[in-house]
Novice: 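Before we start, here is the structure in question, set down as structure tokens.
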Amino acid sequence: YTDYTEYLYHGTSMFYLDDIRKNGFTGKYNPKLFDQMNTFYPIISNGVTQHKALSYFPGFIERQSRPTISLSFTGNIEVAKQYAGGERNIGEGPTFFTALLRDYLIEHKEENTDLLQKMRILYDTLSKGHRYPPLILAIKIDQFEELTGKLIRNTEWEYKINFPIPPEKLLVYNPTSENYIPLLSPEFTEDS
């Protein structure tokens, strides 16, 4: 894909909107959510022999624990829409974890401990994340170039960067109106 565009995009979910408004786009999950997943994973994975999460989630934990940042942007709006609206719209790690947690809670549905109650609350939070609408973040290429120090003339499939994007540099793409609204502006609401 080499057509010129004025913007680069990242597809995600409105589930993460408050964190992005507060911290910018960091590629890191909400610390409270991540800490709970990290704490519960060894418990819920114990005794499970076959599940997609078993091969994926340990690497997810390791990547999220690194101090380094890795963000991906694309110049192709269709790719961003796919990531924003796909089955893993709250991210692969949380999606796999949610499926594993669901199976664990079904297996222990008759039990009622404080730990299981905390797990049920986390499951409820994460499973609601899939109901949030897509969010397509955008940044103008000249802003991106200013942050990265690299000139971008035509867009490739993916651009990787290793530092956060401040919230004031981010725009939200509205696919219905094809407008770009500053993330922190009063004009942008969840209904935009």
Novice: Do the ring centers of Phe96 and Phe57 come within less than 6.0 Å of each other?
Specialist: no
Novice: If I compare all heavy atoms of Pro167 with all of Gly24, which pair ends up nearest, and what's the gap?
Specialist: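 Pro167 and Gly24 have their closest heavy atoms at CD-CA, 3.4 Å.
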Novice: With side chain to side chain contact (heavy atoms under 4.5 Å, CB included) as the criterion, how do Asp103 and Glu107 come out once you've worked through the C-alpha distance, each side chain's angles and the decisive distance to 0.1 Å?
Specialist: CA-CA 6 Å; Asp103 294 351; Glu107 197 174 298; over 6 Å; no
Novice: Within a strict 4.5 Å, meaning less than it, do heavy atoms of the Met14 and Pro133 side chains meet?
Specialist: yes
Novice: Looking at side-chain heavy atoms only, is the closest gap between Leu17 and Val172 below 4.5 Å?
Specialist: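 Leu17 vs Val172: side chains apart.
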Novice: Looking at Leu171 and Lys140, what are the two nearest heavy atoms and their distance?
Specialist: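 Heavy atoms only, the tightest pair is CD1-CG, 4.1 Å.
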Novice: For the residue pair Ile20 and Thr12, establish whether any side-chain heavy-atom pair is separated by less than 4.5 Å.
Specialist: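 Result yes, sub-4.5 Å side-chain heavy-atom pair found.
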Novice: Output a table of donor-acceptor pairs, distance under 3.5 Å, between side-chain atoms of residues 30-44 and any protein atom two or more places apart or on a different chain; print 'none' if there are none.
Specialist:
unit_1, atom_1, unit_2, atom_2, d
Asn30, OD1, Lys32, N, 2.9
Asn30, OD1, Leu33, N, 3.0
Asn30, ND2, Asp19, OD1, 3.3
Asn30, ND2, Asp19, OD2, 3.2
Thr39, OG1, Asp35, O, 2.8

Novice: Where do His130 and Thr95 land on the side chain to side chain contact (heavy atoms under 4.5 Å, CB included) test, with the steps shown first?
Specialist: CA-CA 9 Å; His130 292 282; Thr95 297; 3.4 Å; yes
Novice: Can you say whether the rings of Phe25 and Phe73 are parallel (under 30°), tilted (30 to 60°) or perpendicular (over 60°)?
Specialist: perpendicular
Novice: Hey, are the side chains of Ser127 and Arg102 touching, using non-hydrogen atoms and a 4.5 Å cut-off?
Specialist: no
Novice: Search all heavy atoms of Lys169 against all heavy atoms of Gln143 and return the closest pair with its distance.
Specialist: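 Minimum heavy-atom contact is CD-OE1, 2.7 Å.
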Novice: Considering only heavy atoms from C-beta outward, does the side chain of Leu100 approach that of Ser45 to under 4.5 Å?
Specialist: yes
Novice: Would you call the rings of Tyr9 and Tyr7 parallel, tilted or perpendicular, taking 30° and 60° as the class edges?
Specialist: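 Taking Tyr7 first and then Tyr9, their aromatic rings sit tilted (interplane angle of 30° to 60°).
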Novice: Below 4.5 Å, heavy atoms only, C-beta onward: do Pro94 and Tyr29 meet side chain to side chain?
Specialist: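 Side-chain contact under 4.5 Å: yes.
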Novice: With a 4.5 Å limit on heavy-atom distance, are the side chains of Arg63 and Phe60 in contact?
Specialist: yes
Novice: Show every donor-acceptor pair shorter than 3.5 Å between a side-chain atom in residues 108-116 and any protein atom, with sequence neighbours excluded, or say none if there are none.
Specialist:
unit_1, atom_1, unit_2, atom_2, d
His108, ND1, Tyr104, O, 2.9
Thr113, OG1, Leu116, N, 3.0

Novice: Going through the checks in order, is the side chain to side chain contact (heavy atoms under 4.5 Å, CB included) test met by Phe15 and Thr125?
Specialist: CA-CA 10 Å; Phe15 182 68; Thr125 300; 4.2 Å; yes
Novice: Any side-chain heavy-atom pair from Tyr180 and Glu6 closer than 4.5 angstrom?
Specialist: no
Novice: Would you kindly confirm whether Tyr132 and Ile121 end up in one hydrophobic cluster when ILVMFWY residues are joined by side chain heavy atoms under 4.5 Å apart?
Specialist: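 Different clusters: Tyr132 never reaches Ile121 through Ile, Leu, Val, Met, Phe, Trp or Tyr contacts under 4.5 Å.
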Novice: Minimum heavy-atom separation for Ser13 and Ile90, please, with both atom names.
Specialist: OG-CG2, 4.3 Å
Novice: How close do Lys81 and Pro175 get, heavy atom to heavy atom, and via which atoms?
Specialist: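 Residues Lys81 and Pro175, closest heavy atoms: CE-CB, 4.2 Å.
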Novice: What closest approach, in Å, do Pro164 and Thr26 show between heavy atoms, and which atom pair accounts for it?
Specialist: CB-CG2, 4.0 Å
